S.K.: 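One structure coming up, written as structure tokens, with questions to follow.
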Amino acid sequence: MRYDLVIFDNDGVLVDSEPISNRLLAAYLTEIGHPTSYEDSLHDYMGAAMHRVHDLILERTGRRLPEDFDDVFHGRVFAAFEQDLQPVDGVVGVLEKLTADGVPYCVASSGSHERIRVGHRTTGLDRWFDDRRIFSSEDVGRGKPAPDLFLHAAERMGVAPERCVVVEDSPLGVQAAVAAGMDVYGFTAMTPAGKLTGATRLFSRMEDLAGLLTGAAEA
């Protein structure tokens, strides 16, 4: 194994939540007077913490989102998760391989702790992630693309940044990993490879990741 810690993003990497959450975000923003397409949501907010939604809307329109925006949005997302959320194809096999090989791993997500746990419980991934392996942008002052979250996860897991690899599917996440001084493997199943500029390497099938991490396969 070429790394001492594998740091997974959550949405789109562990759980197939990006289509669900971005569809709902676009619909809700449009509903309250901020016309947003699904493609707009992916471009502007994929991989970001909720404060980015507030910041961009305020910057672009001069208006603040409603005080209950996050609560209403998360309520809709969690209800949809209960109905439709699935683990990303192949990720269970990766987690099984890392566990069998004794390779430390964790999740570092722009989502809230509640969102991470709801998604993991719904998909059965909670068996792989106890509280010591879960890190959220809520834990740090700045979310992605700042490096703070990944550096916090590495420090808590006791691994130097240069010995970590991040698995990401968003441009903001790749930027954050690069800023943290970590290698980053860009997952292109949903994001065009050209948008993950700066990634150490790219891959499109999650089932290939374990081999890539050990050098047993080529991207």
Side-chain angles (χ1 to χ4, degrees), residues 1-17 47 49 87-121 123-140 142-170 172-187 189 196 198-203 205-219:
M1 181 69 185
R2 61 182 69 175
Y3 301 103
D4 296 333
L5 176 65
V6 181
I7 303 176
F8 291 95
D9 176 42
N10 188 57
D11 295 292
V13 171
L14 294 177
V15 295
D16 193 16
S17 53
V88 168
D89 286 345
V91 79
V92 171
V94 173
L95 295 172
E96 289 175 340
K97 176 63 173 172
L98 293 177
T99 299
D101 291 348
V103 178
Y105 63 87
C106 65
V107 58
S109 171
S110 292
S112 66
H113 278 281
E114 183 182 14
R115 178 185 173 116
I116 297 167
R117 285 169 170 80
V118 168
H120 287 189
R121 185 178 66 250
T123 59
L125 293 184
D126 53 343
R127 64 174 293 200
W128 302 102
F129 292 92
D130 58 28
D131 289 346
R132 295 169 297 176
R133 297 179 189 260
I134 297 177
F135 304 99
S136 161
S137 61
E138 292 180 325
D139 303 330
V140 295
R142 300 180 300 167
K144 306 169 189 178
D148 304 35
L149 176 56
F150 291 140
L151 292 173
H152 171 70
E155 180 181 14
R156 291 290 300 273
M157 296 294 289
V159 178
E162 62 270 19
R163 295 298 305 158
C164 299
V165 61
V166 176
V167 184
E168 265 287 356
D169 73 330
S170 76
L172 293 176
V174 169
Q175 292 173 41
V178 171
M182 301 175 180
D183 281 0
V184 53
Y185 284 25
F187 183 41
L196 300 182
T200 309
R201 67 191 310 167
L202 302 170
F203 69 105
R205 300 187 339 136
M206 185 58 68
E207 51 263 42
D208 294 336
L209 178 60
L212 295 174
L213 291 171
T214 60
E218 295 298 327

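Note: hydrogens, waters and symmetry copies are ignored here, and every other heavy atom, side chains too, is used. Not measured: the values here are computed from a predicted model.
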S.K.: Can you see which heavy atom on L151 is nearest to which on A180, and at what distance?
M.R.: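 Where L151 meets A180 most closely, the heavy atoms are CD2-O, 3.7 Å.
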
S.K.: Applying the side-chain hydrogen bond (donor to acceptor under 3.5 Å, both in side chains) test to D11, which of S110, S170, S17 qualifies?
M.R.: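 Checked S110, S170, S17 against D11; only one passes side-chain hydrogen bond (donor to acceptor under 3.5 Å, both in side chains): S17.
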
S.K.: Please round to the nearest 0.5 Å and tell me the distance separating atom CD of E114 and atom CD of E138.
M.R.: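 CD of E138 is found 8.5 Å from CD of E114.
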
S.K.: Rounded to the nearest 0.5 Å, how far apart are CG of L5 and CZ of F150?
M.R.: 11.0 Å

S.K.: Which pair of heavy atoms, one from V159 and one from C164, lies closest together, and at what distance?
M.R.: CG1-SG, 3.7 Å

S.K.: For a side-chain contact (heavy atoms from CB on, under 4.5 Å) check, start with the C-alpha distance between V13 and M206, then their side-chain angles and the critical distance, and finish with the verdict.
M.R.: CA-CA 8 Å; V13 171; M206 185 58 68; 4.0 Å; yes

S.K.: Please determine whether a side-chain nitrogen of the Lys or Arg among R2 and D183 lies less than 4.0 Å from a carboxylate oxygen of the Asp or Glu.
M.R.: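 Result for this pair is no, no salt bridge flagged.
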
S.K.: Counting neighbours of CG on D139 that are heavy atoms of other residues, nucleotides or ligands and sit closer than 6.0 Å, is the number greater than 12?
M.R.: yes

S.K.: Go through W128 and L98 one step at a time and tell me if the side-chain contact (heavy atoms from CB on, under 4.5 Å) criterion holds.
M.R.: CA-CA 10 Å; W128 302 102; L98 293 177; over 6 Å; no

S.K.: For the CD1 atom of I134 and the CZ atom of R117, what is their distance to the nearest 0.5 Å?
M.R.: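 If I round to the nearest 0.5 Å, the distance is 4.0 Å.
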
S.K.: Which distance, rounded to the nearest 0.5 Å, do you find between the CZ of R201 and the CG of L213?
M.R.: 8.5 Å

S.K.: Donor-acceptor pair, distance only, cut-off 3.5 Å: does the side chain of D130 make one with the backbone of R132?
M.R.: yes

S.K.: Grab the two heavy atoms, one from V88 and one from V15, that are nearest each other, plus how far apart they are.
M.R.: CG2-C, 3.7 Å

S.K.: How far apart are the closest heavy atoms of P145 and A179, and which atoms are they?
M.R.: O-CB, 4.5 Å

S.K.: If I take atom NE2 from residue H120 and atom CG from residue N10, how far apart are they, to the nearest 0.5 angstrom?
M.R.: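 Taking NE2 in H120 and CG in N10, the distance rounds to 4.0 Å.
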
S.K.: Taking all non-hydrogen atoms of both residues into account, name the closest pair between A176 and A146 and its distance.
M.R.: CB-O, 3.3 Å

S.K.: Determine which pairs satisfy side-chain hydrogen bond (donor to acceptor under 3.5 Å, both in side chains) with at least one residue from residues 148-159, sequence neighbours left out, and list them in order.
M.R.: R142-D148

S.K.: Could you grab the distance from atom CD1 of I116 to atom OG of S137, nearest 0.5 Å is fine?
M.R.: 7.5 Å

S.K.: Heavy atoms only: give me the nearest G90-E207 pair and the separation to one decimal.
M.R.: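 Reported closest heavy-atom pair: CA-OE1, 4.2 Å.
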
S.K.: Could you please spell out the steps behind the side-chain contact (heavy atoms from CB on, under 4.5 Å) verdict for V92 and L125?
M.R.: CA-CA 8 Å; V92 171; L125 293 184; 4.0 Å; yes

S.K.: Kindly indicate, with the supporting measurements, whether the criterion side-chain contact (heavy atoms from CB on, under 4.5 Å) is fulfilled by F8 and L209.
M.R.: CA-CA 11 Å; F8 291 95; L209 178 60; 3.9 Å; yes

S.K.: Give a yes or no on whether the ring-centroid distance for Y105 and F129 is below 6.0 angstrom.
M.R.: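 Judged by ring-centre distance (under 6.0 Å), Y105 and F129 do meet the cut-off.
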
S.K.: Is a side-chain donor or acceptor of T200 paired with a backbone partner of V184 at a separation under 3.5 angstrom?
M.R.: yes

